[in-house]
Amino acid sequence: MIETILKKVETIDKKIEVLEKKAKGETKELVDTASVSEEVLEEISEKYGQWDDHTREIEKLKDLREIFLKDMRILAPYEKVYLARHAKRPHIDDFIDGLFTDFFEQKGDHLFDEDKSIFGGIARFHGIPITVVGHRKGHSMEENMEYNFGMPCPEGYRKALRLMNQAEKFGRPIITFIDTPGAYPGMEAEEHGQGEAIAMNLAKMSQYHVPVISVVTGEGNSGGALAIGVANRVLMLENAVYSILSPEGFASILWKDSGRHKEACKLMKLTADDLLEAGVADVIVREPLGGAQRDYGFVMKNLDEALYKNLMDLRKLSPSELKADRQMKYRKIG
Amino acid sequence: MEALRSALTFPARVKRDVGDVLFKKNKEPVFVTCKACGRRALKKDWQNNYYVCPVCGEYRTIGAYYRLSLILDPGSIHELNADMKANDPMYFPEYSEKIAKQRQKTGLEEAAVTVSGKIGGYKVVIIVLDPRFFMGSMSSIVGEKVTRAVEYATKEKLPLIIFSASGGARMQEGIYSLMQMAKTAAAIEEFNASGGLYISFLTHPTTGGVTASFASLGDITLAEPGALIGFAGPRVIEQTIHKKLPQGFQRSEYLEAHGFVDKIVERSQMRDTLLQLIKLHSK
């Protein structure tokens, strides 16, 4: 199971970090045993015997880490769901930091409320002004409470629409980042027209004359994901998932048993490879072994290249061709 | 209106079109019991009341062709893409068998019936989602039939009426189901851009991906009394907020009060209301 392997790898990471500091003489403290699982330490010493010096020790640990990471080369769909939801996975603020410059945040739907589960504004990508919009998840519980775990209310979708309409007005390309468990199923959300808000975004996004690129970075579930995802090109991070509903919800509807979510993952065809085959995703962006959270730089570099290439390709199309190209992408499905 | 109905020709395969009122083999019941109030009334009275309970006024599910028969001029019905059948894009276990069962139960090939016809002499395109077939859920063929009918209305410059009824996405079709939302919404938006009149008529139940796409994009939004209309289902909301939902939440009347429905229209007024609106928009 990927969770246990990842924990082992993280333990080794920590130990290497401490040893590297020791080797450089930066710290004389012993390894913080509380943060290192006993089981892993035992496994390590069983395999490699006792350590003599830091450098050799570090080398051995790195070898061992490689072995663990190689175990993660092929992942089951449910393991990808685990990675897609990993708390340390890069989120929209990380992507904006890593890919864009000159970011100016725009808040609120200017109708009723500011929904923090949608984040966006204007920025530059390789110098080109663009509009960026996406679901916002946090890295900690406090952040997630503030951002409603990336589950927008109608106000969030209307904010996204406001920003995207401006992009159309000023001829800016639109880049959206999808990472949501779904639209928020709450009472106020229904009273304020969750269905209407999503429908309106789908309708208006189909009409834009500017390039629209969506990146599925984590989990993209239901209409709540698609509401900012009607794009000319859909990029998916290697371990991202995109589906009609969360696997738990799917199992609960189909079999009245949300506990069968692993089984659901297999049937749902929600991985990047599946989506590429279905014609929904156009590009898969590679992640480091063990998931995007292990090396932000690696992900940013690959995503930057993919985004730039696709944006340049789309910029060759005329405004009406861009609209027709986007409509045709969805017209062909089903 | 009953006279109109008999003059309409239904496809031969559609046997039990009138909702969930069960007919036993060649034997029509004399009495029909209301599921809401539990009282019995003569079947004849139900019929004369368009399958609204003569005792308590509860709206009973009716089939797509029966509904069309209440609206369209005799002999004017022309079905579009009648041969399109539900398919199984993900090779989902047991799905084909389930489709076969639904087909046998209802005589329908898919949950969407799309037709052109005339109301009071005015030519229109009507789409009806039939909740008896897989709860009217959005499949790739439902999306395709809806899109083609909307494109037909755009091309022919005809008013468009959609009767929505849907439990949401067709789970067995996964992402293909989801993408129908984008496809149908785009078709409606193109129709809007061409200046066409779109009347969205919400019937029980309209939820999920249908609510979040074409059902919410009408110029005029009408609803049948007491219909459940929303994006998330009430059970999911209750589980999320850990509270019981108030009486009448997500019902037509609630949506009207919250500003999402132009008018609640009784079944007996359905045809006249549509005709009034079409006339108001004709040049």
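These numbers come from the heavy atoms of this one structure, side chains and all, not from hydrogens, waters or symmetry mates. To find a chain, count down the sequence lines: A is the first, B the second, and so on, and within it residues start at 1.
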Relative to chain A, which segment of [X] carries a heavy atom at a distance below 4.5 Å: side chain, backbone, both, or neither?
{"X": "B/Ile237", "answer": "both"}
{"X": "B/Glu94", "answer": "neither"}
{"X": "B/Tyr254", "answer": "side chain"}
{"X": "B/Pro246", "answer": "side chain"}
{"X": "B/Leu255", "answer": "neither"}
{"X": "B/Glu190", "answer": "both"}

Check this for me: does any side-chain nitrogen of one of [X] and [Y] sit under 4.0 Å from a carboxylate oxygen of the other?
{"X": "B/Lys85", "Y": "B/Glu110", "answer": "no"}
{"X": "A/Lys323", "Y": "B/Glu189", "answer": "no"}
{"X": "A/Arg260", "Y": "A/Glu263", "answer": "yes"}
{"X": "A/Glu155", "Y": "A/Lys159", "answer": "no"}
{"X": "A/Asp282", "Y": "A/Arg233", "answer": "no"}

Tell me whether the guanidinium CZ or amine NZ of A/Lys262 lies under 6.0 angstrom from the six-membered ring centre of A/Tyr78 and within 45° of its axis. yes
Could you tell me if B/Arg170 sits above the aromatic ring of B/Phe134, with its cationic atom closer than 6.0 Å to the ring centre and no more than 45 degrees from the axis? yes
What part of A/Met268 lies closer than 4.5 angstrom to a heavy atom of chain B: side chain, backbone, both or neither? backbone
Chain B heavy atoms under 4.5 Å from A/Tyr242: which part of the residue, side chain, backbone, both or neither?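 Both parts, backbone and side chain.
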Please identify, among [options], the residue contributing the most non-hydrogen atom pairs under 4.5 Å to chain A.
{"options": "B/Lys243, B/Glu238, B/Glu151", "answer": "B/Glu151"}
{"options": "B/Gly230, B/Gly233, B/Gly208, B/Gly174", "answer": "B/Gly174"}
{"options": "B/Ser216, B/Ala212, B/Ala232", "answer": "B/Ala212"}
{"options": "B/Gln239, B/Gln172, B/Met179", "answer": "B/Met179"}
{"options": "B/Glu173, B/Glu144, B/Gln180", "answer": "B/Glu144"}

Only pairs of heavy atoms separated by less than 4.5 Å count here; which of [options] has the most with chain B?
{"options": "A/Leu202, A/Leu275, A/Leu254, A/Asp274", "value": "A/Leu202"}
{"options": "A/Gln207, A/Gln327, A/Glu190, A/Glu196", "value": "A/Glu190"}
{"options": "A/Met205, A/Arg326, A/Lys329, A/Gln194", "value": "A/Gln194"}
{"options": "A/Ser206, A/Ala183, A/Gly182, A/Pro185", "value": "A/Pro185"}
{"options": "A/Asn201, A/Leu245, A/Ile244", "value": "A/Ile244"}

Does the side chain of B/Thr203 come under 3.5 Å of the side chain of B/Glu224 through a donor N or O and an acceptor N or O? no
Ignoring hydrogens and angles, state whether a donor on the side chain of A/Ser243 or A/Asn221 is under 3.5 Å from an acceptor on the partner side chain. yes
Working to the nearest 0.5 angstrom, can you tell me the gap between B/Leu217 CG and B/Ser200 OG? 8.0 Å
Atom CD of residue position B/Gln247 - does it have more than 12 heavy atoms of other residues, nucleotides or ligands inside 6.0 Å? no
